[in-house]
Structure formats: structure tokens, C-alpha cells
Amino acid sequence: MSLVTRCPVCATAFRVLPEQLAARNGQVRCGKCTAVFDGTAGLLKHKQPEPEAPFPGDAATPREAPAPEPEPLPAFMSEPKPPRRGFWWTLIVAATLALAAQAIHHYRAEIAARWPALRDPLEEACRILGCEIRLPRQVKLLSIDSYEVRPDPRREGVIVLTAVIRNRAPFAQEYPALQLTLTDEANRELVSRALLPRDYLDASRAPEKIARGIEAGGEAALSVHLDASGARATGYELVLFYPS
């Protein structure tokens, strides 16, 4: 450990070792003005600036300690890292593809009907997913142009239903089911019956017609006999629908 003493002649401060003071009875020589003085008497009690002329043989001045690194901010004060844009874009693309796949699955019948070239890929996808491609069933694009219920003159208690169903879609559609309701004078329901395509189409041609459907912009005429014995009906109503 070195000490700092000051020359009384030129006021130069420099370091000395305790061993040097002890060896020469405290007498030291100034490295600037070469004056010999009592180094013990000139010892400085407080830290002084670096001496201009260090005493010969003194140890090298240590390097200044590096400034301490600033402490990190607490977690609640630090700014959150911005999310990676690539991650969000991946989610957006995945969600878009999922929605597109759901839409294609839901409207697969309409797509296959309007674009026949896509039927084979859709059928292959349905084979893997366990679904089927039926004819479209857009009931809003179907209408009953005319219908009539009248007694069968040849058979007691039998009525004859005639109707014309029109397909206003730009693609062929599946034959719908029909709901015939007979009412009394107060418009109260007496009898209601649901008719599937196999019930009102000609039995000999029903499978062929059902497979082909009602062509785009086409119509289907039907005539069916029903047993209404015991129902003193004065009114009737016919609606079409697709069974769920």
C-alpha cells in the first residue's frame, strides 16, 4: 500500500512506500525539484489528485474500475416486446383457409352443379371425409306455380292432388317433399300428410327422375291420389320443403 506525500519546496505530490520512509528515516527526494525533505511530515491525510511525478520504483497506477452496468428495469416498467407479425399472418391465413374449406363443404352440391369440372375433385374429397354430393336443395329457389285438390269422381273418399313445381335456380335441384294440409270451414287442420318424391312421382320413372332432379329453370308436374275418407275438408294448403 503506497502513501502520498507533498514536497514543501515545489508542492509536488507523489507516492512513497512505507518501506522507503522507514529505510531513510522518513527522508525522501523530490522527483521534480530534487530537494530532500521529511516525507513523513509531508504525508497527506486525504486522497489527492494523481501525483505529477511518481516516486521511482512505485507500483503502476491501477486502471480505473469500469462503470457499473445499469440495473434492468422491473418487469412492470419494461415495455412488452411487439408480437411477431409472421405469427399473426400465419393465424390469418389458417383461419381464411378453414373458412373457405367450410364454405366449400357446405355448398359442395351447388358448386358441383354449377361447375361440373369440379365434381370429380369434390367427390374424391367427400370419399375421404365420409360425405356425399347430392343435388342442390335451395328451397327458396323453388316455387309451386299452381296446385289443385279435387275429389276423384271414380272413387269415394279419394282426392286428387295436381301441382306444378318450378325450379328457378340456374342448376338442377333435388325434388322437394310436399306437405298437404286439409282444413275445415274454420280453417282448422283436419288432416296433414307429407309426400316424398317417391310418393308423388310415377313409380316406373321415379328413380330416374330423382337421380336427375328438376333441371335448371325447368318444372315438374305431378298428380297423386290420396285417401281422405272421413275428412270433411273444405280447404287445403300445399307447401314444399326439404327434410332435414
Side-chain angles (χ1 to χ4, degrees), residues 99 102-119 122-123 125-127 129-244:
L99 289 175
Q102 290 181 358
I104 292 173
H105 180 269
H106 184 75
Y107 294 103
R108 62 188 183 278
E110 289 78 3
I111 295 173
R114 298 195 68 168
W115 295 284
L118 298 178
R119 173 173 286 276
L122 289 173
E123 287 181 345
C126 274
R127 185 185 65 81
L129 298 175
C131 58
E132 62 177 338
I133 299 180
R134 305 175 60 172
L135 290 172
R137 305 174 77 187
Q138 296 292 326
V139 70
K140 293 182 179 180
L141 298 180
L142 294 176
S143 61
I144 301 176
D145 278 7
S146 62
Y147 70 97
E148 179 185 16
V149 176
R150 54 183 175 79
D152 188 345
R154 296 176 297 177
R155 286 179 288 180
E156 182 71 22
V158 176
I159 59 175
V160 181
L161 167 65
T162 57
V164 176
I165 303 173
R166 180 171 297 279
N167 178 22
R168 295 180 286 107
F171 43 77
Q173 290 215 86
E174 187 176 313
Y175 276 89
L178 301 175
Q179 184 79 30
L180 176 63
T181 303
L182 302 180
T183 58
D184 60 11
E185 295 179 353
N187 202 30
R188 290 175 298 191
E189 180 180 319
L190 296 177
V191 178
S192 182
R193 181 175 177 182
L195 302 173
L196 297 177
R198 64 173 179 267
D199 298 325
Y200 61 77
L201 292 176
D202 183 8
S204 61
R205 301 186 58 191
E208 176 188 350
K209 288 186 175 182
I210 292 175
R212 189 172 62 247
I214 306 176
E215 63 181 7
E219 62 181 32
L222 61 97
S223 177
V224 58
H225 294 73
L226 302 171
D227 183 7
S229 57
R232 298 179 180 179
T234 59
Y236 51 86
E237 182 182 15
L238 183 67
V239 297
L240 51 81
F241 67 98
Y242 283 114
S244 56

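Computed from a prediction, not measured in an experiment: that's the story for all the values here. In what follows, residues are counted from 1 in the order of the sequence shown. Just so it is clear, the values below take in all heavy atoms, side chains as well, and ignore hydrogens, waters and symmetry mates.
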Inset, instruction - Specify the closest pair of heavy atoms between Leu190 and Ala233, including all atoms of both residues, with the distance to one decimal. - result: CD1-CA, 3.8 Å

Legend entry - Spacing of Leu201 atom CG and Leu196 atom CG [to the nearest 0.5 Å]: 10.5 Å

Legend entry - Gap between atom CG of Leu180 and atom OG of Ser192 - 0.5 Å precision: 7.5 Å

Inset, instruction - Return the minimal non-hydrogen interatomic distance between Ala172 and Arg212, and the atom names on each side. - result: CB-O, 4.1 Å

Inset, instruction - Could you tell me whether the side chain of Thr162 and the main chain of Tyr147 form a donor-acceptor pair under 3.5 Å? - result: no

Legend entry - CD1-CD distance between Ile159 and Glu148, expressed to the nearest 0.5 angstrom: 11.5 Å

Inset, instruction - With sequence neighbours excluded, tell me which residues meet salt bridge (Lys or Arg N to Asp or Glu O under 4.0 Å) with Arg134. - result: Glu174

Legend entry - Electrostatic pair Arg205:Asp202 at N-O distance under 4.0 angstrom: no

Inset, instruction - Enter the distance from Asp145:CG to Glu219:CD here, rounded to the nearest 0.5 Å. - result: 6.5 Å

Legend entry - Pairwise side-chain contact, Leu178 with Ile165, heavy-atom cut-off 4.5 Å (strictly under): yes

Legend entry - Separation between CG of Asp227 and NE2 of His225, rounded to the nearest 0.5 Å: 12.0 Å

Legend entry - Beyond-backbone contact of Leu226 with Leu195, side-chain heavy atoms, under 4.5 angstrom: yes

Inset, instruction - Kindly indicate whether the side chain of Val224, heavy atoms from C-beta on, has any atom under 4.5 Å from the side chain of Asp199. - result: no

Legend entry - Rounded distance [0.5 Å steps], OG1 in Thr181 versus CZ in Arg193: 12.5 Å

Inset, instruction - Please indicate whether Arg198 has more than 12 foreign heavy atoms, meaning atoms of other residues, nucleotides or ligands, lying under 6.0 Å from its CZ. - result: no

Inset, instruction - Give the C-alpha distance, both sets of side-chain angles, the deciding distance and a yes or no for side-chain contact (heavy atoms from CB on, under 4.5 Å) between Leu135 and Gln173. - result: CA-CA 5 Å; Leu135 290 172; Gln173 290 215 86; 5.8 Å; no

Legend entry - Side chain proximity check, Arg137 to Pro243, heavy atoms < 4.5 angstrom: yes

Legend entry - Within-4.5 Å side-chain heavy-atom neighbours: Tyr242 and Leu142: yes

Legend entry - Donor-acceptor pair, side chain of Asn167 and main chain of Glu215, under 3.5 angstrom: yes

Inset, instruction - Write down the atom of Ile210, the atom of Tyr175, and the distance for their closest heavy-atom approach. - result: CA-CD1, 4.2 Å

Inset, instruction - Work out which heavy atom in Ala216 is nearest to a heavy atom in Pro170; give both atom names and the distance. - result: CB-C, 3.4 Å

